[in-house]
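These notes concern the structure reproduced below.
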Amino acid sequence: MLSRCDSHGSVSRAFDELADRTPALRGAASSLKLTGSVDSDKNENLGNEFLSRFIGIVASGYADGADIKKPLAAFRDELERDIAARARFKAKVGGSAALIYMGMGVFFPLFSGISSIVLTTSLGAAGSGSAVLGTCFIAVSIVYAAMTLYLSAAFAHPERNAKANLFSTAPYIAMAAAVALLTKTYLSGVL
């Protein structure tokens, strides 16, 4: 938008050209053409704080023909800083998320299955309740792994809704359940 304002000299013409190629801006461009302003409720309901602020800056220049190059440059700089901070956050969380997925998807269920076997065999002399206790231990372990995986996804991707985060962790939860149950089933004869 900054380069368009420089080359065209007109905020309205530059924004109209940008809006022709950007569906999210078409409504604001139409509103600016018709009324010379953007309805603040519509602008705030775009779902993106930066897009709302951008349209507000453009609307101020659109309405009275004021030079918006300095506010746009400041906005661009702030947006670049925000994007860089988010990228750093994602990079830091991404490494720990991989460890959590490995730990909760493979290692924790493996050791939970082994612990269930040890629990069942060591309490076997106490009666028939030991098999139920071992099964309950596996169930609690799977629920714990599922909760940890979901919370990891929710913190790593706060922009996604709960359903999307749950679906993204579903394969890891299934893998954790399979590892725990297979370990309990097939290693019980070995241990």
Side-chain angles (χ1 to χ4, degrees), residues 1-2 21-25 43-55 72-191:
M1 183 71 185
L2 278 169
R21 296 181 298 140
T22 312
L25 298 177
N43 192 19
E44 290 173 4
N45 291 331
L46 288 172
N48 184 326
E49 172 194 348
F50 288 108
L51 186 58
S52 298
R53 288 183 44 213
F54 172 71
I55 291 172
L72 274 180
F75 174 74
R76 179 199 59 207
D77 295 342
E78 181 183 348
L79 184 59
E80 287 174 351
R81 281 191 304 272
D82 185 69
I83 291 170
R86 288 176 192 236
R88 282 192 306 274
F89 175 75
K90 289 237 186 228
K92 288 179 182 178
V93 170
S96 63
L99 290 174
I100 289 171
Y101 289 141
M102 287 288 296
M104 286 294 129
V106 177
F107 298 114
F108 179 76
L110 178 70
F111 294 122
S112 294
I114 293 170
S115 297
S116 172
I117 294 167
V118 170
L119 185 66
T120 302
T121 55
S122 65
L123 294 177
S128 63
S130 64
V132 173
L133 186 62
T135 304
C136 289
F137 181 80
I138 286 290
V140 169
S141 298
I142 292 170
V143 169
Y144 175 76
M147 287 180 3
T148 304
L149 289 166
Y150 172 76
L151 289 173
S152 174
F155 283 114
H157 301 284
E159 72 279 0
R160 294 191 306 204
N161 62 21
K163 189 176 181 181
N165 283 325
L166 185 61
F167 281 131
S168 74
T169 60
Y172 300 103
I173 294 169
M175 182 173 65
V179 168
L181 293 172
L182 290 172
T183 301
K184 181 180 186 288
T185 303
Y186 291 110
L187 287 184
S188 61
V190 175
L191 298 175

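Quick note: numbers below take in every heavy atom, side chains included, and nothing from hydrogens, waters or symmetry partners.
- Atom-to-atom distance recorded for S168:OG and R160:CZ is 4.0 Å, nearest 0.5 angstrom.
- Remark: Y101 engages Y172 in a ring pair (Phe, Tyr, Trp, His ring centres under 6.0 Å) (not counting sequence neighbours).
- Across every non-hydrogen atom of T169 and L149, the tightest pair is CG2-O, 3.3 Å.
- Here the closest heavy-atom approach between residue G134 and residue T120 is recorded as CA-OG1, 3.6 Å.
- Residues in residues 101-121 take part in no salt bridge (Lys or Arg N to Asp or Glu O under 4.0 Å) pair, two or more places apart or across chains.
- Screening D77, I83, D82 against E80 for a side-chain contact (heavy atoms from CB on, under 4.5 Å) leaves a single residue, D77.
- Between Y150 atom OH and F155 atom CZ the span is 9.5 Å, to the nearest 0.5 Å.
- Closest approach of T121 and V118 over heavy atoms only: OG1-O, 3.2 Å.
- A donor-acceptor pair under 3.5 Å is formed between the side chain of T183 and the backbone N or O of V179.
- Note: L110 CG to L187 CG = 7.0 Å, rounded to the nearest 0.5 Å.
- Applying the salt bridge (Lys or Arg N to Asp or Glu O under 4.0 Å) test to residues at least two apart or on different chains, the pairs with a partner in residues 133-159 are K90-E159.
- Here the straight-line distance linking atom CD1 of I100 with atom CZ of F108 works out to 13.0 Å at 0.5 Å rounding.
- F137 approaches S112 most closely through the heavy-atom pair CE2-O, 3.4 Å.
- What you find for A180 and I138 is that their closest heavy atoms are O-CD1, 4.0 Å.
- The local environment of CZ in R86 is sparse, with at most 12 non-hydrogen atoms from other residues, nucleotides or ligands closer than 6.0 Å.
- Taking every heavy atom of both residues into account, M104 and T148 meet most closely at CG-CG2, 3.7 Å.
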